[in-house]
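Comments concern the structure below.
FYI, side chains are in, hydrogens and waters are out, and symmetry mates aren't considered; it's all heavy atoms of this structure. In this text, all values refer to a predicted model and were calculated from it rather than measured experimentally. Per chain, numbering begins at 1; letters A, B, ... match sequence-line order.
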Amino acid sequence: MKIATFNINGIKARIDALPNWLGTAQPDVVLLQEIKSVDDAFPVTLFEDMGYNVETHGQKSFNGVAILSKHPLEDVTRGLPGDDSDEQARYIEATVMGERDALRVCGLYLPNGNPAPGPKFDYKLAWMERLIARAKELLAEETPFLMTGDYNIIPQAEDAAKPDSWRDDALFRPEARAAWRKLVNLGLTEAFRARTQGPGHYSFWDYQAGAWNRNNGIRIDHFLLSPVCADWLRDCQIDRDVRAGEKPSDHVPVWVELDF
DNA sequence: ATGCCTAGTTGCACTAGA
């Protein structure tokens with residue numbers, strides 16, 4: 001089963017590019033971030049006509065996540081537990097059945113956190129603690145799961161073309177990377193780094209200053225796999241070429257192939 | 001040192017992104 005993550009930076013703006021990529025890449029499941037749409041405005045029938053079930057967790061103007069799946073989605077939950085006052089739509093979960101096993105898929109749009117330090121950075125770190133708590137729950141249940149999406153975390157210097165320019169940024173600050181390691185060190189496998197080593201692999205290129213043409217990118221869209229799910233990993237790739245397409249998002253899709 | 005660009009709003013400039 002091919003499962004992808006894609007920060008589309010607005011469903012209205014990607015109304016052609018997203019279906020075009022779906023037709024080419026043929027993913028079974030896609031976790032979307034930054035749909036920037038309320039649920040009622042999401043073009044559900046467009047994707048249903050392509051064979052996808054659609055579950056959204058949107059809000060007006062900003063954020064918003066969704067799942068597209070060619071397989072039925074069961075037990076859908078919206079929002080990250082741990083703070084009832086949090087109204088930002090950044091998290092959705094559902095269960096997908098493979099040929100032999102069930103997989104819990106968690107789609108996330110982790111807060112950017114800039115400027116740092118400050119209240120937005122505090123919110124990012126608190127959000128990560130809630131994500132860690134949720135991962136601990138799923139591990140304790142021994143539910144096979146993956147957590148994927150736009151983490152807004154540059155894990156290592158090799159994950160940025162110009163790491164020095166990110167030194168004090170919320171995506172690279174030590175506190176954010178420490179929280180990332182705390183999550184991974186629960187026993188999760190980072191799918192891309194389980195298969196590919198070395199610098200030069202990015203999932204985001206800023207629209208500004210010719211970042212794409214200069215290949216000035218960062219790798220911030222990730223898959224974390226639970227131990228059982230990691231055993232199912234067959235491949236993980238970044239669809240880099242999507243960034244060169246017509247009216248692209250500033251992120252590109254990342255996907256895993258899982259045998260379950 | 002800052003903005004560079006893109007998206008969304010109900011706009012006629014702003015916020016937010018990363």
(request) Could you tell me the separation between the CD atom of A:Gln88 and the P atom of B:dA16, rounded to a whole number of Å? (result) 10 Å
(message) Students often get this wrong, so: under 4.0 angstrom with heavy atoms, is A:Asn216 touching a base, only sugar-phosphate, or nothing?
(response) nothing
Taking distance alone, no hydrogens or angles, what donor-acceptor pairs closer than 3.5 Å link side-chain atoms of residues 64-75 of chain A to residues at least two apart or in another chain?
residue: A:Ser69; atom: OG; partner: A:His71; partner atom: N; Å: 3.0
residue: A:Ser69; atom: OG; partner: A:His71; partner atom: O; Å: 2.6
residue: A:Lys70; atom: NZ; partner: A:Gln26; partner atom: OE1; Å: 3.0

Contacts under 3.5 angstrom, residues 190-197 of chain A side chains, donor-acceptor by atom type, not counting sequence neighbours:
residue: A:Glu190; atom: OE1; partner: A:Arg219; partner atom: NH2; Å: 3.2
residue: A:Glu190; atom: OE2; partner: A:Arg219; partner atom: NH1; Å: 2.7
residue: A:Glu190; atom: OE2; partner: A:Arg219; partner atom: NH2; Å: 3.4
residue: A:Arg193; atom: NH1; partner: A:Thr196; partner atom: O; Å: 2.9
residue: A:Arg193; atom: NH1; partner: A:Gly198; partner atom: O; Å: 3.0
residue: A:Arg193; atom: NH2; partner: A:Asp159; partner atom: OD1; Å: 2.8
residue: A:Arg193; atom: NH2; partner: A:Gly198; partner atom: O; Å: 3.0
residue: A:Arg195; atom: NE; partner: A:Asp235; partner atom: OD1; Å: 3.3
residue: A:Arg195; atom: NH1; partner: A:Arg234; partner atom: O; Å: 2.9
residue: A:Arg195; atom: NH2; partner: A:Arg234; partner atom: O; Å: 3.4
residue: A:Gln197; atom: NE2; partner: A:Arg193; partner atom: O; Å: 2.5

Ignoring hydrogens and angles, write down the donor-acceptor pairs under 3.5 Å from the side chains of residues 224-233 of chain A, residues two or more places apart or on other chains.
residue: A:Ser226; atom: OG; partner: A:Phe145; partner atom: N; Å: 3.1
residue: A:Ser226; atom: OG; partner: A:Phe145; partner atom: O; Å: 3.2

(message) Give me the distance, rounded to whole Å, that separates B:dC14 from B:dG3 when you measure between the P atoms they each carry.
(response) 13 Å
(request) Give me the ring orientation class for A:Phe6 and A:Trp21: parallel if the planes are under 30° apart, tilted from 30 to 60°, perpendicular past 60°. (result) perpendicular
For residues 252-260 of chain A, please give each side-chain donor-acceptor pair under 3.5 Å, one per line with the distance, not counting sequence neighbours.
residue: A:Trp255; atom: NE1; partner: A:Asp239; partner atom: OD1; Å: 3.0
residue: A:Glu257; atom: OE2; partner: A:Met1; partner atom: N; Å: 2.9
residue: A:Asp259; atom: OD1; partner: A:Arg100; partner atom: NH2; Å: 3.2

(message) Mind checking if A:Tyr109 touches a base, just sugar-phosphate, or nothing, with heavy atoms under 4.0 Å?
(response) sugar-phosphate
(request) Between B:dT15 and B:dG11, how far apart are the P atoms? Round to whole Å, please. (result) 15 Å
(request) Report yes if at least one side-chain N or O of A:His251 is closer than 4.0 Å to OP1 or OP2 of B:dG17; otherwise report no. (result) no
(message) What is the distance, to the nearest angstrom, from the CG atom on A:Leu110 to the P atom on B:dG17?
(response) 12 Å
(message) Need one value for A:Asn112: base, sugar-phosphate or nothing, where a base atom within 4.0 Å counts as base even if backbone is also close, heavy atoms only.
(response) base
(request) Using the C1' atom on both, measure B:dA7 against B:dA18 and round to a whole Å. (result) 14 Å
(request) Quickly work out the A:Gln33 CD to B:dA16 C1' distance and round it to whole Å. (result) 17 Å
(request) In whole angstrom, give me the gap between the P atoms of B:dT6 and B:dT10. (result) 23 Å
(request) Would you please name every residue forming a side chain to side chain contact (heavy atoms under 4.5 Å, CB included) with A:Leu186, sequence neighbours left out? (result) A:Ile132, A:Ala135, A:Lys136, A:Leu139, A:Leu183
(message) For the C1' atoms, the ones on B:dA1 and on B:dC12, what distance do you get once it is rounded to whole angstrom?
(response) 30 Å
(request) Kindly compute the distance separating CG (A:Leu131) from CZ (A:Arg90), expressed to the nearest 0.5 Å. (result) 12.0 Å
(request) At under 4.0 Å between heavy atoms, which parts of nucleotides 2-11 of chain B does protein reach? Answer with one letter per nucleotide, 5' to 3': B base, S sugar-phosphate only, - none. (result) --BBSSSSS-
(request) Could you check whether A:Lys120 gets within reach of a base, just the sugar-phosphate, or nothing at all, counting any heavy atom under 4.0 Å? (result) sugar-phosphate
(message) Does A:Asn63 reach a base, just sugar-phosphate, or nothing at all? Heavy atoms under 4.0 Å.
(response) nothing
